[in-house]
Amino acid sequence: MQNSNSIILAIESSCDDTSCAILKGNVVLSNFTANQKIHEQYGGVVPELASRDHQKNIVPVVHEALKKANMTLSQVNAIAVTRGPGLMGSLLVGLNFAKSLSLSLNIPLIEVDHMQAHVLAHFIVDAEQKIPPFPFVCLTVSGGHTQIIKVTDHLKFELLGQTIDDAVGEAFDKAAKVLGLPYPGGPMIDKFAQNGDAHRFKFSDTKMQGYDFSFSGIKTSFLYFIQKETAKEPDFIKNNISDICASYQYHLIQILLKKSKLLLDEADIKHFAISGGVSANSELRKQVKALEQHGIETYIPKFEYCTDNAAMIGIVGFYKLLRQEFSSLAISPLTRQTF
Ligand code: KG4
Ligand code: ZN
């Protein structure tokens, strides 16, 4: 029997984090994630290594989430799982595990779109988060996506703009790699930028029309800039790391905010949320918060709900469960987005 107090076991395995959460309705009882350190040395996620680590992690991660929630498998009423987008091998591990649980416990399986889940992370009932009213604009910024979405209902999304090439998270990670910083580089750039001058170096602007983004040119111009400066001064990176990080980060954030403000203005929407891994960035959070001085109500997720986690998968599961939107056990992963 499923209702608004149902116990949902949620699984996320789309990239390199194996995560399991237990929810009672829209309240998170536990949210446990195993990160994969193995990719650090390669400067990016190696898909085959990610799938193998998911296989190792999935059983202990589910056990830990159940233990932290003080629950047993027999109390679970539904299984929510990421169907995509993501890496095929990684998705297969989580999805097949979820299907087996659904079959053996004889409870419904609920497929979840990972990008929709990043947005709905705002609906997790938590004292540290405020819930946005509809309609609101959500800027979803992660390692694989950069999107501006108009959200009109829990499960109704209008994708209005997105990157035509790299995601902003990639622009952070690839620049960090050029600077010799380990993967994922976003948090490292954020850390160094805190002591830097954001206006010292300038980077080329993009000419994208409307609400779409492009980051591949910026990434390349960053590489050329570093190559040119280190040819003149071999220790350029070491001597200027904070200013480089602060200036580059500032540049990326201006692009994100320019497009977001354009949409808020043109659509006359006063509620603005950010989500996805890059929404953990301290400067982005600060600049979004500052929009409140201009009459925009802002929604910034709690840190643990920014990067990949199963709690956000569970909350989509909750809204689908209320609508009895269940999935067949015959589904396979969708590496591309479904809305
Ligand atoms: O949402 P997420 O965990 O995974 C994907 O769905 O891609 O996002 C990961 C991305 C990585 O590119 C990582 O560098 C970036 O989020 N990230 C950050 C910060 N924390 C994570 N980027 C900038 N500043 C941060 N503090
Ligand atoms: Zn993600």
Side-chain angles (χ1 to χ4, degrees), residues 10-19 21 31 33-36 39-40 42-45 47 50 54 81-87 90-91 94 112-122 138-147 149 162-163 166-179 181-194 196 198 213 215 218-219 245-246 248-253 255-257 273-288 300-313 315-316 335-338:
I11 292 172
E12 155 62 31
S13 74
S14 65
C15 190
D16 60 340
D17 295 316
T18 323
S19 186
N31 179 34
T33 306
N35 307 113
Q36 302 180 357
H39 309 288
E40 266 176 25
Y42 300 104
V45 176
H54 282 306
V81 64
T82 308
R83 185 178 180 188
L87 301 170
S90 294
L91 291 166
V112 173
D113 180 286
H114 180 90
M115 300 313 294
Q116 193 165 32
H118 271 303
V119 178
L120 286 206
H122 284 283
C138 189
L139 170 73
T140 305
V141 277
S142 73
H145 295 81
T146 306
Q147 307 183 324
I149 302 155
Q162 61 184 328
T163 179
D166 294 342
V168 67
E170 264 176 282
F172 270 102
D173 295 338
K174 302 246 169 86
K177 194 173 176 186
V178 170
L179 297 175
L181 303 172
Y183 177 86
M188 299 294 287
I189 292 192
D190 187 352
K191 194 164 140 243
F192 281 113
Q194 281 165 26
F213 301 93
F215 290 103
I218 296 167
K219 196 184 67 185
C245 289
Y248 183 68
Q249 174 179 278
Y250 181 81
H251 183 64
L252 296 178
I253 292 172
I255 294 167
L256 295 173
L257 290 187
I274 52 171
S275 68
V278 180
S279 67
N281 183 271
S282 54
E283 184 61 27
L284 177 63
R285 294 168 84 90
K286 213 190 299 166
Q287 291 203 30
V288 167
I300 299 170
K302 202 173 160 184
F303 273 110
E304 64 191 271
Y305 303 139
C306 291
T307 46
D308 289 351
N309 66 87
M312 67 183 195
I313 306 302
I315 197 77
V316 180
T335 52
R336 288 172 177 265
Q337 195 164 353
T338 52

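In each ligand, atom 1 is the first atom listed, and ligand 1 is the first ligand listed.
Listed by atom number, the atoms of ligand 1 under 4.0 Å from Ser142 heavy atoms are 1 (O), 5 (C), 6 (O), 7 (O), 8 (O). Annotation for ligand 1: atoms under 4.0 Å from non-hydrogen atoms of Ala280 are 20 (N), 26 (N). Heavy-atom proximity to Val278, at under 4.0 Å, picks out these atoms of ligand 1: 15 (C), 16 (O), 18 (C), 22 (N). Here is the list of ligand 1 atoms found below 4.0 Å of a heavy atom in Gly169: 12 (O). Residue-ligand proximity, Pro184 to ligand 1, at heavy-atom distances under 4.0 Å covers atoms 14 (O).
In terms of protein heavy-atom proximity, atom 2 (P) of ligand 1 is nearest to Asp308 OD1, 3.3 Å. Distance from atom 26 (N) of ligand 1 to its nearest protein heavy atom, with residue and atom name: Asp190 OD2, 2.9 Å. Given atom 17 (N) of ligand 1, the protein heavy atom at minimum distance is Gly277 O, 3.5 Å. At the shortest separation from atom 24 (N) of ligand 1 among protein heavy atoms lies Asn281 ND2, 3.0 Å. Protein heavy atom closest to atom 10 (C) of ligand 1, with residue, atom name and distance, is Gly143 N, 3.5 Å.
Between Phe172 and ligand 1, no pair of N/O atoms sits closer than 3.5 Å. Of the polar atoms of Gly186, at least one N or O is found under 3.5 Å from an N or O of ligand 1, judged by distance alone. Backbone and side-chain nitrogen or oxygen atoms of Glu170 are examined, and none is located within less than 3.5 angstrom of a nitrogen or oxygen of ligand 1. Some N or O of His114 is nearer than 3.5 Å to an N or O of ligand 1, by distance alone.
Residue contact check for ligand 1: Gly144 places a non-hydrogen atom closer than 4.0 Å to it. The closest approach between any non-hydrogen atom of His118 and ligand 1 is below 4.0 Å.
By the 4.5 Å heavy-atom criterion applied to side chains, Met312 and Pro301 are not counted as neighbours. Two residues are said to be in side-chain contact when any heavy atoms from C-beta on lie closer than 4.5 Å; Thr33 and Thr307 fail this criterion. Between Thr18 and Gln36, some side-chain heavy-atom pair lies under the 4.5 Å cut-off. The side-chain heavy atoms of Ser19 and Asp308, taken from C-beta on, include no pair separated by under 4.5 Å. Side-chain contact check for Ser142 versus Met115: some heavy-atom pair is nearer than 4.5 Å.
Taken from NE2 in His54 to CG in Asp16, the straight-line distance is 6.5 Å, to the nearest 0.5 Å. Taking CD of Glu283 as the reference point, atom CG of Leu252 lies at 11.5 Å (rounded to 0.5 Å).
Of all non-hydrogen atoms in Cys15 and Val45, the two that sit nearest each other are SG-CG2, 4.0 Å. Between Gly143 and Ala167, the closest heavy-atom pair is O-CB, 3.6 Å.
In Lys302, the NZ atom is crowded: over 12 heavy atoms of neighbouring residues, nucleotides or ligands sit closer than 6.0 Å.
Neighbouring protein atoms of the Zn ion (ligand 2) (N, O or S, distance under 2.8 Å, waters ignored): His114 NE2, His118 NE2, Asp308 OD1.
With a heavy-atom cut-off of 4.0 Å, Asp173 touches ligand 1 through its side chain alone.
Not a single donor-acceptor pair under 3.5 Å links the side chain of Arg83 to the backbone N or O of Asp113. Judged purely by atom type and a 3.5 angstrom limit, Asp173 uses its side chain to pair as donor or acceptor with the backbone of Gly185.
Below 30°, between 30° and 60°, or above 60°: for Phe213 and Phe215 the angle between ring planes is below 30°, a parallel geometry.
Checking Glu12 against Thr82 by side-chain atom types alone, a donor-acceptor pair falls below 3.5 Å.
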